[in-house]
J.: 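The following block contains the structure, expressed as structure tokens.
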Amino acid sequence: MPSIITADGAVHQLPKQLKGYEIAKQLSAPKNIVAVKINGIPGDLSGLVPDKAKVEFIQREEFLGLEILRHDCAHVLAQAVQELFPRTQITFGPAIENGFYYDFARDTPFTPEDLPKIEKRMHEIVNRNLPITRHIWTREHAIQFFKSKGEAFKAEHISTIPANEEISVYQQGDFIDLCTGPHLPNTGQLGKAFKLTKISGSYWRGDAKNAKLQRIYGTCWATEQQLKDYLHQQEEAEKRDHRRLGRTMGLFHLQEEAVGSVFWHPKGWTLYRTLENYVRSQIAHHDYREVRTPLLFDKSLWEKSGHWEKYRKDMFVFQEEEQILALKPMNCPAHVQIFKQGITSYRDLPLRMAEFGCCHRNEASGSLHGIMRVRSFTQDDAHIFCREDQVVGETIAFCRLLEKMYHDLGFPEFTVKLADRPALRAGTDDVWDKAENILHEAVKKAGLSYTVNPGEGAFYGPKLEFYLKDSIGRVWQCGTLQVDYIMPERLDASYIAEDGSKKRPVMLHRAVLGSLERFLGILIEHHGGRFPLWLAPVQVVVANITDASAVYAKNVYEQLQQLGVRTEIDTRNEKITYKIREHSESKVPLIFVVGTREAEQQQVAIRRLSGKDQDILSLAEALKHVQQEAKQP
RNA sequence: GCCGGAUUAGCUCAGUGGUAGAGCAACUGAUUUGUAAUCAGUAGGCCGCAAGUUCGAAUCUUGCAUCCGGCACCA
């Protein structure tokens, strides 16, 4: 008599070998299960469960369950598309965060009007409640089958599957797709909680050199409520869009005649400088020395540095009389020029050279995005010139600085990746071995856990990448630290060692924020424009209720200004509700409301952006509070 | 760079071949107001740019530019 073991360790005798869903019924498992883990491996509910197997059911709400639903949804999408658009080839259709997509090969692209039609057909397929069945095929049969159906991409994919792996296909009605599974027992269980969201071009196997494909994205959830919540959350995220807030808060604008460059308006520039000065104060504590280097260099420098060979396609280059000039895409070669002035002793190392360096990169037109991805940007850059035995210590110190800064800026969590040698690179494998080893050692000694990001290093060296998570869960790569043995060699930088010999320094390229433009975009979206007081471009608006309190309002305003608080005064002939609404919409953190009562008693009523209540304080107290709270960390 | 979509007043958007519209903002006046929109009036447009079709184009066609969503690339 066969048996199975449930998660709690109990052994259940069965009359005969049963399928997953039959066992679920027998054990009165919850109704919302989508698959079954057999000895820890996810499988179909419609498969037979072997004797003495350990059985755990997967519910639709849990991570694995959602993945199965989403993957099912991708199959239903593919079936719907093939029914509506015959001769469309299927390629890949994975589950992704919040949903799924499917890439199709088709001559005519989909249009937005197609989505509702396809979605309608998907619901029909769900309502057909088709059984979903798994079949194991031989490689030859599978290739033959897909070829006969005109599915060239599927056939090609099968031929790249390792020989020791079995070929499984899933069938629902007439639709058959290659897939490892698991899947639901039938299409009906998918339910209604899905929606097609966008269309896009893509490339076969993600490579721009390959065939162009048409991608359809969708979102899919365990319940309709979850779908509704997700769509609502997307709407909320849109309200944080830095491009929208940048306009409504009067921070910056962009225009056609200067594509990829930012026009900073007074308030935005205040924000920018506040952030820049914060960085300046932090690196000063770590013995950095700030410099300023040219933007424009002769081609010969870029040839020496290797940029001409490895980075030329991203550089702005032009000819002026007999000279070929390029705007710098990075600051490193310029910093080496300062390092090379005079003779450097080992005693001078480590030498930490910082610059808010303005760089230009000719980014692909399709990649530009608000102020987050521009062609003219400023890095919080620095290069640490040091001896090899100082690399580990410098890396640790940098990690401490970065932790502090991310914390201060409202990002307590970050993760680390180590990106190693890329295909297109300068230097020998020996040098790369050395650089990668030392970086692994350094990050471990800094006490940070990390993962490896293969092949993503800079052309001159491996790098640490620091990723932070914003308030709505998105992840951004900001900080970086790169170990470089190559640039000092190429640009002939040296120092005099203790024994009097000439040696090459190691260069650490490092940034905490990355680009100020991009980081400000992230900050705007992270806070939804509601900056902490120290960052807010306008910290306080003083608003009077009637003309009777205008003189007092002016007095309060002037006192705030005296203390260096960024203040505006609003004595317009408008109702206080109107003023409050307007300043709240432009995200001013504090409104000092003054009427005749406040004027008589030398008080202010403080209204915070976050709250509905007001605090009534004496003016002296209020000033003290604001000054305290507005202090830069 | 690739695939789609969009481009109309400062902003958000109507307007599918026949005299360019609304709300908000702006300006002017009235109102002196107590915690997220006081009322009335005025002004504001080469309908992204360029060609074409047509008696006639914001509207149809083509090209270009920019923006948006993805892809690819990436700070």
Side-chain angles (χ1 to χ4, degrees), chain A residues 101 103-104 106-115 197-217 238 241 243-244 247-248 250 253-260 313-314 329-330 357 359 361-381 456 458 463 465-466 476-480 509 511-519 521-522 543-550 571-586 591-598 605-609 611-614 616:
Chain A
Y101 66 78
D103 281 344
F104 300 96
R106 183 168 181 251
D107 292 336
T108 38
F110 296 105
T111 67
E113 293 80 57
D114 293 331
L115 291 188
T197 51
K198 50 200 168 195
I199 49 183
S200 152
S202 65
Y203 302 103
W204 171 241
R205 295 190 189 281
D207 189 332
K209 291 195 280 292
N210 291 344
K212 292 183 186 87
L213 305 174
Q214 306 295 331
R215 179 173 296 182
I216 297 179
Y217 283 92
E238 259 174 51
D241 191 309
R243 292 164 299 190
R244 176 189 177 124
R247 188 171 45 239
T248 56
H253 88 271
L254 301 157
Q255 73 183 46
E256 265 191 49
E257 290 85 347
V259 171
K313 67 174 175 42
D314 290 317
M330 299 181 193
C359 296
R361 296 183 188 173
N362 194 0
E363 301 291 345
S365 56
S367 68
L368 300 177
H369 176 87
I371 63 171
M372 302 257 214
R373 192 77 186 273
V374 287
R375 289 183 174 144
S376 171
F377 59 96
T378 305
Q379 298 176 314
D380 65 321
D381 201 8
E456 295 296 322
K463 60 181 175 185
E465 300 170 334
F466 298 88
W476 304 90
Q477 199 227 304
C478 293
T480 182
H509 308 238
V512 177
L513 310 183
S515 123
L516 267 89
E517 285 79 359
R518 179 160 175 273
F519 195 84
I522 294 168
N544 63 330
I545 290 172
T546 67
D547 287 349
S549 45
T571 50
R572 290 173 304 172
N573 177 11
E574 294 291 349
K575 287 175 72 168
I576 193 64
T577 50
Y578 179 89
K579 295 183 186 180
I580 285 170
R581 178 182 161 83
E582 215 177 67
H583 300 302
S584 298
E585 277 186 342
S586 59
I591 302 173
F592 281 14
V593 177
V594 294
T596 43
R597 289 206 296 271
E598 286 77 14
I606 302 181
R607 188 193 157 97
R608 286 182 178 271
L609 181 56
K612 298 206 174 352
D613 298 335
Q614 57 171 354
I616 299 186

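In what follows, chains carry the letters A, B, and so on, assigned in the order in which the sequence lines appear, proteins first and then strands, with residues in each chain numbered from 1.
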J.: Of all heavy-atom pairs between A/Arg361 and A/Met330, which one has the smallest distance, and what is that distance?
T.: NH2-CG, 3.6 Å
J.: Let me know the distance between NZ of A/Lys579 and P of B/U32, rounded to the nearest Å.
T.: 14 Å
J.: Hey, is the side chain of A/Arg608 poking within less than 4.0 Å of OP1 or OP2 on B/U35, counting only N and O atoms?
T.: no
J.: Classify the nucleic acid contact of A/Ile580 as base, sugar-phosphate or nothing, counting any heavy atom under 4.0 Å across all strands shown.
T.: base
J.: Tell me the interatomic distance from A/Asp547, atom CG, to B/G34, atom P, rounded to whole angstroms.
T.: 14 Å
J.: Going by heavy atoms in the side chains, are A/Ile606 and A/Phe592 under 4.5 Å from each other?
T.: yes
J.: Check the distance between B/U35's C1' and A/Arg581's CZ and give it to me in whole angstrom.
T.: 14 Å
J.: Report the base-pairing partner of B/C13 (Watson-Crick or G-U wobble, both distances below 3.5 angstrom), or none.
T.: B/G21
J.: Could you work out, with salt bridge (charged side-chain N to carboxylate O under 4.0 Å, His left out) as the rule, every residue matching A/Lys209, not counting sequence neighbours?
T.: A/Asp207
J.: Name the nucleic acid region contacted by A/Ala543, choosing base, sugar-phosphate or nothing; use a 4.0 angstrom heavy-atom cut-off, strictly under.
T.: nothing
J.: For nucleotides B/G18 and B/A57, find the distance between their C1' atoms and express it as a whole number of Å.
T.: 10 Å
J.: Between the side chain of A/Asp380 and the main-chain N/O of A/Val512, is any donor-acceptor distance below 3.5 Å?
T.: yes
J.: In whole angstrom, give the distance that lies between atom NE2 of A/His583 and atom P of B/A37.
T.: 14 Å
J.: Can you tell me, in whole Å, how much space there is between the C1' of B/C11 and that of B/A65?
T.: 23 Å
J.: Given side chains that start at C-beta, do those of A/Ser202 and A/Asp103 come closer than 4.5 Å, heavy atoms only?
T.: yes
J.: Nearest whole Å is fine: how far is B/G34 P from A/Tyr578 OH?
T.: 16 Å
J.: If you measure from the C1' atom in B/G56 to the same atom in B/G52, how many Å do you get, rounded?
T.: 15 Å
J.: B/C27 and B/C64: how far apart are their C1' atoms, nearest whole angstrom?
T.: 38 Å
J.: Would A/Cys478 and A/Arg518 satisfy side-chain contact (heavy atoms from CB on, under 4.5 Å), going step by step from the backbone distance to the final call?
T.: CA-CA 9 Å; A/Cys478 293; A/Arg518 179 160 175 273; 4.1 Å; yes
J.: With sequence neighbours excluded, tell me which residues meet salt bridge (charged side-chain N to carboxylate O under 4.0 Å, His left out) with A/Glu585.
T.: A/Arg581
J.: Closest nucleotide of RNA chain B for A/Glu582 versus for A/Pro109: which of these residues is on the 5' side?
T.: A/Pro109
J.: Roughly how many Å is it from CG in A/Asp103 to C1' in B/C3, rounded to a whole number?
T.: 11 Å
J.: Treating primed atoms plus P, OP1 and OP2 as sugar-phosphate and everything else as base, which nucleotides of nucleotides 65-75 of chain B get B, S or - for protein heavy atoms under 4.0 Å?
T.: SSSSBBBBBBB
J.: In whole angstroms, how far is the P atom of B/G29 from the CZ atom of A/Arg572?
T.: 16 Å
J.: In whole angstrom, what separates A/Asn210's CG from B/C3's C1'?
T.: 15 Å
J.: Checking all strands, does A/Thr197 fall into the base, sugar-phosphate, or nothing category for heavy-atom contacts under 4.0 angstrom?
T.: nothing
J.: With hydrogens left out and only the distance checked, is there a donor-acceptor pair under 3.5 Å joining A/Glu598's side chain and the base of B/G34?
T.: yes
J.: For B/C67, what is the paired nucleotide under Watson-Crick or G-U wobble rules, both distances under 3.5 Å?
T.: B/G5
J.: Using Watson-Crick or G-U wobble geometry with both distances under 3.5 Å, which nucleotide pairs with B/G41?
T.: B/C27
J.: May I ask you to say what A/Lys575 touches in the nucleic acid, namely base, sugar-phosphate or nothing, with a heavy-atom cut-off under 4.0 Å?
T.: base
J.: Please state the P separation for the pair B/U16 and B/A20 - nearest whole angstrom.
T.: 15 Å
J.: Would you tell me if any nitrogen or oxygen in the side chain of A/Arg607 comes within less than 4.0 Å of OP1 or OP2 on B/A36?
T.: yes
J.: Between B/G17 and B/G23, how far apart are the two P atoms, rounded to whole Å?
T.: 26 Å
J.: Could you tell me if the side chain of A/Arg375 sits less than 4.5 Å from the side chain of A/Ser365, heavy atoms only?
T.: yes
J.: What verdict does the side-chain contact (heavy atoms from CB on, under 4.5 Å) test give for A/Thr480 and A/His509, after you've listed the backbone C-alpha separation in whole Å, the side-chain angles of each residue and the deciding distance to 0.1 Å?
T.: CA-CA 8 Å; A/Thr480 182; A/His509 308 238; over 6 Å; no
J.: For A/Glu574, which contact category applies under a 4.0 Å heavy-atom criterion: base, sugar-phosphate, or nothing?
T.: base
J.: Counting any heavy atom closer than 4.0 Å, what does A/Arg247 reach on the DNA or RNA strands: base, sugar-phosphate only, or nothing?
T.: sugar-phosphate
J.: Going by purine N1 to pyrimidine N3 plus the second Watson-Crick contact, or the G-U wobble pair, all under 3.5 Å, which nucleotide sits opposite B/G52?
T.: B/C60
J.: Could you work out the separation of B/C24 and B/G44 based on their C1' atoms and round it to a whole Å?
T.: 14 Å
J.: A/Ser584 near the nucleic acid: base, sugar-phosphate alone, or nothing, with a heavy-atom cut-off under 4.0 Å?
T.: base
